[in-house]
Amino acid sequence: MPKYILINQTIKSFKKQIRVAADKSISIRSILLASQAVGISKISNLLESEDVLNALNIIRKLGINYKKKKNDYLIEGFGLNGFNIKKKTTINAGNSGTLARLILGLLTKSKFKIKLIGDKSLSNRDFSRVIKPLELFGANIKSKKNSLPIEILGTDFLRPVFYNERIGSAQVKSCIILGALNTPGVTKIKARYSRNHTELMLKFLKYPINVIKKSNHEIISIKGLNQFKSFNYIIPGDISSAAFFIVLTLLSKKSQLIIQDVNINKSRIGIITILNKMGANIKLKNKKIYKGENISDIFVKSVKTIKGINCPSYLNSSAIDEFLVIFLMAAKAKGVSNFKNLSELNKKESPRLDIALNFLRMIGVKVKRKKNDIKIYGNPNLKIKKKIHIKSYLKDHRVFMMSSIAALCFGGSWKIEDKDSVNTSFPSFLKLLKELGGKIN
Ligand code: S3P
């Protein structure tokens with residue numbers, strides 16, 4: 001089977017209602033928290049992608065059983081630190097930064113050394129950001145150059161920490177919150193704003209966690225050593241997966257799309273704010289609140305004139321996984337778009353800022369870069385007539401999906417490698433594109 005796709009035609013107009021893949025961040029958190037609850041938790045509509053299956057594999061390796069019953073996953077936890085860890089255990093987080101960083105938080109009290117490994121992309125990523133706070137708790141960590149493989153050995157003498165989280169990373173914040181669960185006393189985090197699913201889930205579990213919001217940061221206090229009961233959770237759709245279809249609709253002619261039941265947590269919908277500032281008219285309808293999370297249907301229509309944007313960098317964290325498709329909008333905008341302080345983009349599954357610049361230049365869009373700021377000179381008449389070959393960039397799923405959307409909207413004759421990368425976060429991506437009429441070989 002070829003590992004690439006070919007796209008030689010733009011997509012025709014469509015009018016449909018779809019559901020996208022379940023939320024990856026919430027899927028992983030629900031598994032990890034179920035592994036620490038007392039009793040059997042039931043997770044419905046879990047995302048069945050590689051990152052999430054790796055989370056299930058890891059908890060099983062750590063002694064937690066689960067089974068699938070119809071559409072539900074049943075996970076049996078034995079309370080905080082209820083893992084049954086064997087000597088010489090190695091766990092593999094595959095491609096997932098979230099899984100790798102969050103699981104370390106749960107291992108601060110492990111009796112034996114555990115080795116954490118990952119794939120080539122994950123092994124290139126920085127772990128100093130979690131090693132620092134984990135060492136403050138008292139965990140013993142061994143790593144070469146602050147990257148995977150990492151060995152962690154827990155301690156019975158954990159101490160609460162006060163940590164200033166300056167990156168605005170939910171992975172770092174969540175790692176510390178999970179570390180705090182096993183730690184006596186109150187752990188405090190001063191955190192720059194980032195997605196808050198871990199906090200919301202713990203609140204819904206009635207765990208003693210308190211969040212005080214300030215203008216540009218929040219103070220989170222977590223009281224350790226409180227048990228919580230097993231729970232039921234239905235995972236909503238993922239805005240980061242919906243993003244590809246939102247931009248596809250905006251850039252296609254005379255099209256309309258409704259995406260049902262998507263998580264629209266404020267800390268995740270930077271893309272909607274940004275696209276609406278660029279002239280889109282995306283509406284959120286049928287809003288509801290589920291266990292502290294906001295969920296709604298997303299209504300989106302093609303847009304005639306796209307405006308360039310001076311993107312305020314306070315939106316960066318809430319749109320961090322969506323910039324690749326936001327750049328496609330900027331490429332077709334009337335006017336210049338500015339994006340600032342995007343250093344974190346280069347720390348994802350692949351160096352996405354570098355890749356986006358090469359990509360935009362390759363499709364004939366003028367871009368300028370100054371350190372981590374970029375300027376995209378939009379061209380409302382952008383049409384691609386040449387052959388484009390997108391090679392595999394560390395198997396980055398979002399680079400593959402962004403390229404597919406560009407091919408279906410801008411024309412040209414595309415060969416895009418590494419179609420299996422979608423299994424990381426959105427296994428039904430190509431099937432859904434075909435349902436909307438995309439011609440993909
Ligand atoms: C995630 C947080 C973000 C995001 C990632 C998922 C999470 O990473 O890019 O895809 O689930 O916590 P950072 O927290 O490192 O910015």
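Fair warning: this is a prediction, and the values are worked out from it, not measured in the lab. Whatever order the structure lists them in is the order used to number ligands and atoms, beginning at 1.
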Next item on the list: If the plane angle is over 60° it's perpendicular, under 30° parallel, otherwise tilted; pick one for Phe359 and Trp414.
Entry: tilted
Check: Is Asp238 paired with Arg268 through a side-chain N to carboxylate O contact shorter than 4.0 Å?
Finding: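 Between Asp238 and Arg268 there is a salt bridge, with a charged N closer than 4.0 Å to a carboxylate O.
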Margin query: Name the residue from Arg101, Arg195, Arg129 that meets the side chain to side chain donor-acceptor pair (under 3.5 Å) definition with Gln171.
Written below: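 Answer to the side chain to side chain donor-acceptor pair (under 3.5 Å) test with Gln171 among Arg101, Arg195, Arg129: Arg101.
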Output all residues satisfying salt bridge (Lys or Arg N to Asp or Glu O under 4.0 Å) with [X], sequence neighbours left out; order by chain, then residue number.
X      : result
Lys190 : none
Glu322 : none
Lys431 : Glu435

Check: Under a strict 4.0 Å criterion on non-hydrogen atoms, which protein residues are in contact with ligand 1?
Finding: Ser25, Arg29, Thr98, Ser169, Ala170, Gln171, Arg195, Ile320, Asp321, Lys348
